[in-house]
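Counting from 1, the numbers follow the sequence of the chain as shown.
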Amino acid sequence: MTRKPGSLPWEPAFGPTLRRRESWGSAQAFRIRFEGWEGFFIFPPDSSRTPSAASARRESGKESSVLSQIESRKSKVHSQVKSPKSKVESQARASFEIVLPGLLSILLCAAAASAATIRGTVLDPAGRAVPGARVSLLAPLTVVEERQTDAQGRYEFAGLRGGAYKLVANMPGFSTASSELEVSDTATATANLRLEISAVDERVVVSASLVGALAPEIGSSVSVVDQAEIKDRGAESVLDVLRGVPGVEVNQTGRRGGATGVFIRGGNSDYNLVMIDGIQANQFGGDFDFAPLTVDGVDRVEVTRGPQSALYGSNAVAGVVNIVSRRGEGPPHFSALGEGGSFTTRRFATGGSGLNRGLIWAYNLSRLDSGGVVANDNYRNQTASLSLGYSRRPRREATFHFFGNANDAGAPGPFGSDPDHLYDTPIFPGGPTPRQVGLLTRDKQNLFGYQGSYTEQFSSRFRQVVTGSVATNDYLFISPFGDSFSHNLRAALNTRSEITVSSKDFLVGGFEYNREQIKNTFIADASSAPFLLPRTSLAYFAENRWSPGSRWFLTTGVRVDDIRTKQLPPDGFGARPLLAASSVVKVNPRISVAYLPHQPGSGAELGATRLHGSFGTGIRAPSGFELAFTNNPRLKPERSVSFDSGVEQRLFHDRAVLDATYFYNRFEDQIVVLGGSLTNLSTFISANLGNARAQGMEISLRVQPTRSLQVEGEYTLLSTSILALDGASLALSPFHVGQPLVRRPKNSGFYNLTWRHRSLTLNTSAYIRGAVLDVEPNDGLFACTFGLPCLFNNKGYINAGAGFSYALPRGFGIYGRLNNFLNQKYEESLGFPASHLNFLAGVRFSFPAE
């Protein structure tokens, strides 16, 4: 069937959006954007138009349409050739050249001073030493430093100022042991910590507070998946880790390398701030593709649910995903692995870490290759990370982080479900079909991040932290219609002051300069030449943590962002006039509360009860396409208003922990493109008129009946709804008011079970998802303009896995895993089949032996 041209649909944030008109030889194309779907629709052009070379581009983490969607990844366009050096990069380099020598001179020339030392041993219930336990030092509400116990279970904190401190020891499968003590400037104190078998987890979380805090003292909803659980589950990528987090829905277009978006508590896939060792990695406007992120070298993944713009500004609308790399500790340690499996999959990784005379170092290198299941479905992923630090004393520390990823993926398109029978239909009369185009298209990406920070403890009550980071995210999209690219750069400079007001009050305040920019094939001026589109944010922020007693923990914060966008030139089609430079100020507050109404003594069947809740707002500044394809000079950020409230109950001598949390999100000022009878709602083609709502319940259970057995599960009930546009009683076609948002399941769940016996570890886990509303995989909502159905029900599925690992002598170990062992045929994104039953097996080596 040949597709006939038709009028464009109305275009909400949850519907299609007209982006730009291009011509490809004898065909004209309109770029259409839809939540989870973006690309080009092509049909015979007006002969008066001048041809220009262009190709479809998809935004990361969303699905593609026609050409882009055919490629199974969103408009990821990237250049392997380094982008031209921008003015921002030059200024950042010059600043580092001036500042870094000064910081090093402070480190090298500082005179040694007498200081306190705290040391001890972490023990298990039988009195045996516990190696690998995490010991955190707090003074008293903020984290001073962390250590991992050595092979003899010992830890040590040296170079401390005199004062009151709190020690907290954590180890998976055990309770948290803590001790409070006070030391003088020259004293050495010893504190041994004894752990008990428990399901309680009280580790330090850094993404829900500006300086890090113990999880029970945070009112926000936070989940942490640590290195041990990642290893037990056999997870290869961060997206595999996120599938087990309450309130989080992962949506991947196909198999390895398919563009992957994440929806937190019903928010859009561009509503999540993503940080890698504190480096903000989102593209201009919030998009992020999780597909290339591996777990090699990752210490833990933190997910904070709910808006966090009071901490981080734009993009933290629905939540924050923070990926933390391993930190160098103790004597030098090295590891390597090699594995292979189905679909000619091969993976190799090596890493190392250590701490010697104040020099902290850690690195990791990995490569993954997979052949895929159809033509042009092969994938290659290369990742490198490096962490360096120097700190002879906790009073003064300098750190540097680097992260790099290069990946190359074939894009065969939606070769699965084809409800409108378009995959083998010519894209335009006489043109190729999506199947034919999918044999030639590829996506290439380079993602790099750099961060340097310096911390100076001027006194026991005052600490200053300065951090600078640069992240680049570049794409190249290769297509038979012509190559296209996108270069994203984000640079940030942040300085904050941390003040211990009292033992019960801690205050943080600071300033951040944030510069982001994009250069894209389709963001062009009147001569059709791509131009650099920059945006700057100047922000002031403050956070106060107050604990009036041993049971109350109150955190309040506010951030003021002044978002400034440069002048935009007119385009070559008359759709965008000259848009003058603009500025908008946004204020985002946040408050969270944790309260312990019930604290029984040790050994009680009914353990401690913790009530927790939070309220906050979030913003997302417009993307490059939303700015480039509008005539609205007053386009402002989208925003969210959210609150949650829950209860955590410890049971059976702390061997079980149950948490239930209710949440409510309202998304407002969503950017929509108007058409039809709704053009009277705005004098511009696009405006902030869209609204949506998401609410639900998250339930999680963690049980540790014995030291060798750990069970956890979670269930999320989510209700989403499209609301009427401002000034109207209707939603934009083809949606109607009250309809659920696309690709947000009403029911989802997860379980993970791990059993250990001496050298053997067995694990099984599964993610269960209910049915969702989805879109036609080739043309998305645009199919409705041809009289074809465009909305479909995508059935639910169970993705289950099972694996083992066995430790051999001399540091060797073997492992294996079956993925999708139920061999279910399902599609997370309609039209993009997930892998059937497959396996991986490999060998690990550690030196010295663990």
Side-chain angles (χ1 to χ4, degrees), residues 1 3 34-39 56 58 61-74 76 239 243 249-261 269 289 291 342-343 345 370-379 409-427 432-443 742-745 767-783 788-800 819-820 822-838:
M1 178 189 68
R3 278 163 268 182
F34 170 72
E35 170 55 46
W37 179 91
E38 175 160 350
R58 294 169 304 145
K62 298 180 181 177
E63 306 212 62
S64 18
S65 73
V66 188
L67 297 182
S68 354
Q69 213 171 13
I70 294 167
E71 288 90 19
S72 94
R73 295 177 62 132
K74 259 184 215 185
K76 278 173 54 169
L239 64 91
R243 283 193 176 98
E249 164 65 12
V250 177
N251 194 274
Q252 186 174 29
T253 54
R255 301 138 318 284
R256 289 184 181 88
T260 304
S269 60
D289 181 6
S342 305
F343 315 125
T345 299
S370 181
V373 296
V374 296
N376 197 35
D377 191 30
N378 58 315
Y379 179 60
F415 59 88
S417 298
D418 188 14
D420 285 345
H421 309 292
L422 298 177
Y423 191 53
D424 289 308
T425 301
I427 296 173
T433 67
R435 183 188 298 273
Q436 293 168 335
V437 173
L439 296 174
L440 301 173
T441 52
R442 298 196 68 83
D443 278 332
V742 168
R743 299 197 181 104
R744 277 73 149 189
Y767 175 70
I768 303 100
R769 192 198 76 178
V772 297
L773 183 68
D774 214 327
V775 299
E776 200 286 321
N778 292 279
D779 285 359
L781 294 182
F782 207 77
L788 299 173
C790 61
L791 294 174
F792 298 90
N793 186 63
N794 189 0
K795 66 179 182 180
Y797 64 87
I798 300 175
N799 180 10
N819 298 307
N820 191 11
L822 299 178
N823 199 26
Q824 290 211 339
K825 298 175 176 61
Y826 68 92
E827 299 167 346
E828 276 189 342
S829 299
L830 187 66
F832 296 86
S835 297
H836 296 173
L837 172 68
N838 62 94

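Closest non-hydrogen pair, Gly258 versus Ala291, comes out as O-CB, 3.3 Å. Contact record, Ala375 with Pro412: O-CB, 3.7 Å, taken as the closest heavy-atom pair. A pairwise comparison of heavy atoms in Pro432 and Val437 identifies CG-CG2, 3.7 Å as the closest pair. Across all their heavy atoms, Arg255 and Pro833 have their closest contact at NH1-O, 2.9 Å. Gly257 and Tyr379 get closest at one heavy-atom pair: CA-CE1, 3.5 Å.
Judged as a side chain to side chain donor-acceptor pair (under 3.5 Å), and not counting sequence neighbours, the contacts of Ser417 are Glu827. Residues passing the side chain to side chain donor-acceptor pair (under 3.5 Å) test with Asn793, sequence neighbours excluded: none. For Asn376, the side chain to side chain donor-acceptor pair (under 3.5 Å) partners at least two apart in sequence or on another chain are Arg442.
In this structure, NE2 in His421 is found 10.0 Å from CG in Leu788, a value given to the nearest 0.5 Å. Atom CG of Asn251 is separated from atom OG1 of Thr253 by 8.0 Å, given to the nearest 0.5 angstrom. Lys825 contributes atom NZ, which lies 9.0 Å from atom CG of Asn820 (distance to the nearest 0.5 angstrom). Atom CD in Gln252 sits 11.0 Å away from atom CZ in Phe832 (nearest 0.5 Å). Note that the CG atom of Asn794 and the CG atom of Leu830 stand 5.0 Å from one another [nearest 0.5 Å].
Counting heavy atoms from C-beta on, the side chains of Leu781 and Glu776 never come closer than 4.5 Å. Looking at heavy atoms from C-beta onward, Phe782 lies out of side-chain contact with Cys790 at the 4.5 angstrom threshold. Side-chain contact between Thr425 and Arg435 is absent, with no heavy-atom pair separated by less than 4.5 Å. Side-chain contact check for Ile427 versus Thr433: every heavy-atom pair is 4.5 Å or farther apart. Contact annotation: the side chain of Glu828 never approaches that of Thr260 to less than 4.5 Å [non-hydrogen atoms, C-beta and beyond]. Residues Phe792 and Val772 form no side-chain contact, since every pair of their non-hydrogen atoms from C-beta on lies 4.5 Å or further apart. Using a 4.5 Å heavy-atom threshold, the side chains of Pro419 and Pro777 count as touching. Contact annotation: the side chain of Ile798 approaches that of Leu822 to within less than 4.5 Å [non-hydrogen atoms, C-beta and beyond].
Asp420 contributes no side-chain N or O that, together with a main-chain N or O of Leu422, makes up a donor-acceptor pair within less than 3.5 Å. Judged purely by atom type and a 3.5 angstrom limit, Thr345 has no side-chain atom pairing as donor or acceptor with the backbone of Ser370. One N or O on the side chain of Asn838 and one on the backbone of His836 form a donor-acceptor pair closer than 3.5 Å.
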If you apply the rule side chain to side chain donor-acceptor pair (under 3.5 Å), what do you find for Tyr826 with Asn799, and how did you get there? CA-CA 9 Å; Tyr826 68 92; Asn799 180 10; 3.2 Å; yes
Should Val775 and Leu791 be marked as a side chain to side chain contact (heavy atoms under 4.5 Å, CB included) after you check the CA-CA gap, both sets of side-chain angles, and the distance that decides it? CA-CA 5 Å; Val775 299; Leu791 294 174; 4.1 Å; yes
Test side chain to side chain contact (heavy atoms under 4.5 Å, CB included) on Asn819 and Leu837 and set out the steps. CA-CA 6 Å; Asn819 298 307; Leu837 172 68; over 6 Å; no
Please step through side chain to side chain contact (heavy atoms under 4.5 Å, CB included) for the pair Arg743 and Leu773, ending with a clear verdict. CA-CA 6 Å; Arg743 299 197 181 104; Leu773 183 68; over 6 Å; no
Evaluate salt bridge (Lys or Arg N to Asp or Glu O under 4.0 Å) for Glu249 paired with Arg744, printing each intermediate quantity in order. CA-CA 7 Å; Glu249 164 65 12; Arg744 277 73 149 189; over 6 Å; no
